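One structure below.
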Amino acid sequence: YFIQSNLSSHNMALTPDTKVGFLGAGKLVQAIASGLIDVKILKPENMMASARTEAGLEEVKKLGLTGTLDNNKVVSECSVVFLAVAPKVLPGVLKEVGEGLNMEKLLISVVCSTTSSQIVEMIGKDVPVIRAIPNTPVAVREGVIRAYPGEFCSPDQVELCRVLMGPLGLFSILPNEDLINATSGLCGCSPAFVYMMIDAMANAAVRMGLPREQAVKLAAQTVAGSAGMVLESDKHVAELVNDVCTPGGVTIEGVWHLEKKRFKGTVMDAVIRSTEKSLEKVAAHNAPKKAEDVKEEEAAPEEAPGEEVKPEEEGEKVDQPEEVEKAEDVIPADDFDIQERLLKEKAKSESHIDPPERKSDLLEDDDANPGYATINYGDLELGREGCLDKMTSSSSESDDEKKKEKKRSKKEKKKRDSLENKEPDSEKKSPKVGRRNGAEKLDRSEYCKSCRRPWRY
């Protein structure tokens with residue numbers, strides 16, 4: 001199913017009189033036309049492009065193509081027509097040029113979200129249609145073209161499409177048209193991922209001291225050479241990785257780091273997610289209108305011009321209050337009882353906090369009562385000016401009381417200890433009084449009666 005382009009053969013499908021036209025003049029058309037000119041498949045005077053404005057034709061005219069604002073002129077003068085317009089304008093364009101299309105004219109569609117059968121249905125008659133979706137690297141003739149021939153295409157027309165688009169890159173005819181959308185993440189989106197990797201590699205080289213311009217060129221050529229090795233070699237990609245890695249070398253160190261960061265898994269996730277997004281967009285584009293929407297459109301009455309609809313005819317309106325209290329601002333009765341009980345229990349354990357006596361204490365509005373700000377302390381809501389000051393003063397008073405109580409307990413303990421160690425008066429010896437010099441050394445067990453400290457000698 002995969003056909004590599006070979007320009008040395010099968011060129012009999014093209015004749016000197018073959019003319020190719022483009023419905024559209026965007027960047028993709030410019031890339032295809034420049035590729036055909038560079039490989040000398042067609043001459044610029046044998047190609048024509050149409051656009052909605054003259055400004056849209058400036059770039060294709062620079063390539064030598066004939067520009068026109070008439071789509072029917074392109075269809076009437078060209079035997080091969082590329083359909084390269086936006087999906088939203090596709091039905092109108094096909095309706096406009098449908099009469100000029102026939103079985104002798106090949107229509108090559110590069111529109112992503114519309115199948116070949118849908119295009120034939122929009123035209124309203126049997127027409128040979130080939131879907132050939134390229135990616136952006138076709139501008140340098142290194143792209144990928146995914147193609148699928150429609151029901152009414154002949155083998156010669158398929159070969160003609162291959163000869164025209166083969167020089168732009170790898171031309172692949174897929175066995176199923178659904179695979180065109182399924183491979184959008186791989187072929188259509190992956191160039192952006194590769195550009196990001198090249199940019200990261202170049203940034204690393206700049207970090208190590210290499211000039212930016214040289215770093216980008218070296219990184220890009222490294223990726224291009226690696227891709228060429230994959231295409232030309234018969235080895236598996238993993239085997240090519242092993243060929244670069246030496247035991248204990250620098251490459252396996254980098255590979256180990258990439259594996260730790262889930263490099264391959266991240267790339268797989270990006271490709272799969274892009275493909276899923278593409279399929280979602282295609283399904284949304286091709287989804288028919290719901291029956292309910294169609295019924296509503298049919299049932300909608302047409303208003304007479306200049307006739308105004310009276311409010312009574314629109315239906316009865318229900319009066320609603322201007323301001324509705326939010327559910328979170330209203331405290332149910334049961335919840336309030338629970339909260340009030342919690343407040344009372346809190347007040348018992350902390351005597352310096354007074355529980356609110358009224359519901360209004362909990363439901364005060366800041367705007368209605370300026371100067372009052374509520375602060376949430378767990379299960380309590382306290383006024384900043386009232387209870388907070390009380391809490392601050394009460395807490396300071398309680399700290400002083402605790403200090404006094406602690407000091408008092410120490411004194412009592414000291415007094416108790418002194419009474420336990422006090423000896424009877426009969427057993428006490430009177431201290432010897434004398435001069436300091438020459439005085440006898442006193443026993444340290446003897447204490448002063450007033451301060452209960454041992455005598456000094």
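Computed from a prediction, not measured in an experiment: that's the story for all the values here.
- With hydrogens and angles ignored, the 3.5 Å screen pairs no side-chain donor or acceptor of Lys235 with any backbone N or O of Val230.
- Judged purely by atom type and a 3.5 angstrom limit, Lys105 uses its side chain to pair as donor or acceptor with the backbone of Cys78.
- Although no hydrogens or angles enter the test, the distance criterion places a donor-acceptor pair under 3.5 Å between the side chain of Ser34 and the main chain of Ala31.
- Under a 3.5 Å cut-off, the side chain of Lys125 and the backbone N or O of Val120 do not form any donor-acceptor pair.
- Within 6.0 Å of atom CE in Met197, more than 12 heavy atoms from other residues, nucleotides or ligands are found, so the atom counts as buried in its surroundings.
- Taking 4.0 Å as the cut-off between side-chain N and carboxylate O, Glu276 and Arg273 count as a salt-bridged pair.
- Judged by distance alone, the side chains of Ser79 and Glu104 never bring a donor and an acceptor atom under 3.5 Å apart.
- Look at Glu213 and Lys217 and you find a salt bridge, because one of the NZ, NE, NH1 or NH2 atoms lies within 4.0 Å of a carboxylate O, short of that distance.
- For the residue pair Asn135 / Arg146, no side-chain donor-acceptor distance below 3.5 Å is found, with atom types taken as modelled.
- With Arg141 contributing its side chain and Asp38 its backbone, the two residues share no donor-acceptor pair below 3.5 Å.
- Electrostatic pairing of Lys27 and Glu59 does not count as a salt bridge here, judged by no charged N lying under 4.0 Å from a carboxylate O.
- Put simply, the side chain of Gln118 gets close to the backbone of Thr115: a donor and an acceptor are under 3.5 Å apart.
- A donor-acceptor pair under 3.5 Å is formed between the side chain of Gln157 and the backbone N or O of Ser154.
- Under the 3.5 Å distance criterion, the side-chain polar atoms of Ser278 are left unmatched by any main-chain donor or acceptor of Ser274.
- Around CZ of Arg52, the count of heavy atoms belonging to other residues, nucleotides or ligands within 6.0 Å does not exceed 12.
- In this structure, the side chain of Asp199 does not engage the main chain of Tyr195 through any donor-acceptor pair within 3.5 Å.
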